[in-house]
Amino acid sequence: MADTTQSSITIDAEPGAVLDVIADLEAYPDWAGEITKVEILAEEGDGWPDRVQMTMDAGVIKDTYTLDYDWDIAEDGSGTISWTLVEASVLKAMDGTYTLTASDAGTDVEYSLLVDLKIPVLGMLKRKAERVIIDTALKELKKRVESL
């Protein structure tokens with residue numbers, strides 16, 4: 001099984017503001033460079049997307065895939081947003097978590113991601129792709145939240 005890659009960033013905003021940007025999945029193509037299309041497939045009436053189809057072009061990893069989301073969020077917006085892969089063409093796994101924690105500087109965001117491919121790829125290249133996805137996602141998330 002693949003290893004999880006993790007990184008973190010501090011965003012100058014309350015957890016609720018960070019959560020609002022993360023939860024607006026349909027806007028990802030506007031700011032998350034590797035995501036080119038998003039379609040909400042299911043939402044159980046709680047306001048949170050439960051099943052989502054995304055198209056990603058992250059260099060060596062290009063795929064359209066379906067994710068199931070789990071939202072474990074406190075009233076202030078802190079908590080975890082996690083997802084697991086349901087189906088894909090190239091991906092074997094695309095499981096991740098955002099953890100939002102209030103801090104004196106705003107919100108600490110930890111992002112962990114496990115990516116595995118159905119096609120053989122050198123571990124070094126796969127880890128580099130994971131790192132690029134995570135670092136880009138965190139930087140773009142910070143820029144998006146702090147610009148609103």
Check your understanding: Does Glu110 have any salt bridge (Lys or Arg N to Asp or Glu O under 4.0 Å) partners at least two apart in sequence or in another chain, and if so, which?
Key -> none
Review point. Would a 4.5 Å heavy-atom cut-off, applied to side chains only, mark Val90 and Lys62 as touching?
Key: no
Practice item. Might you point out which heavy atoms bring Thr36 and Met56 nearest each other, and give the distance in Å? Key: OG1-N, 4.4 Å
Point to revise | Leu100 and Ile22, any side-chain heavy atoms less than 4.5 Å apart | key: yes
Review point. Sequence neighbours excluded, which residues qualify as salt bridge (Lys or Arg N to Asp or Glu O under 4.0 Å) partners of Asp135?
Key: Arg131
Study note, to complete from the structure: In terms of heavy-atom contacts, Leu25 and Tyr69 come closest through CD2-OH, 3.7 Å
Practice item. Quick one: do Ile9 and Leu141 satisfy side-chain contact (heavy atoms from CB on, under 4.5 Å)? Show the steps, please. Key: CA-CA 10 Å; Ile9 199 166; Leu141 175 64; 5.8 Å; no
Check your understanding: Just wondering, do Tyr98 and Val18 contact through their side chains at under 4.5 Å, heavy atoms?
Key -> no
Point to revise | More than 12 heavy atoms of other groups within 6.0 Å of Lys118 NZ | key: yes
Review point. Got more than 12 heavy atoms from elsewhere within 6.0 Å of CD, Glu14?
Key: no
Exercise for review: Evaluate the side-chain proximity of Val21 to Trp31: yes if any heavy-atom separation is below 4.5 Å, no if none is.
Suggested key: yes
Review point. Which residue pairs satisfy the salt bridge (Lys or Arg N to Asp or Glu O under 4.0 Å) criterion with at least one member in residues 66-86, sequence neighbours excluded?
Key: Arg51-Asp68
Review point. What heavy-atom pair brings Ala88 and Asp63 nearest, and what distance separates the two atoms?
Key: CB-OD2, 3.2 Å
Review point. Heavy atoms, side chains only, cut-off 4.5 Å: are Thr64 and Gln53 in contact?
Key: yes
Point to revise | Note, Val38 side chain near Pro29 side chain (heavy atom, < 4.5 Å) | key: yes
Check your understanding: Among all residues two or more places apart in sequence or in another chain, which pass the salt bridge (Lys or Arg N to Asp or Glu O under 4.0 Å) test with Lys92?
Key -> Asp116
Review point. Which residues pass the side chain to side chain contact (heavy atoms under 4.5 Å, CB included) test with Ala32, sequence neighbours left out?
Key: Tyr28, Ile35, Glu140
Point to revise | Min side-chain heavy-atom separation Leu67-Leu85 under 4.5 Å | key: yes
Revision key, fill the gap. Sorted by chain and residue number, the side chain to side chain contact (heavy atoms under 4.5 Å, CB included) partners of Ile73 (sequence neighbours excluded) come out as Leu19, Trp71, Ile81
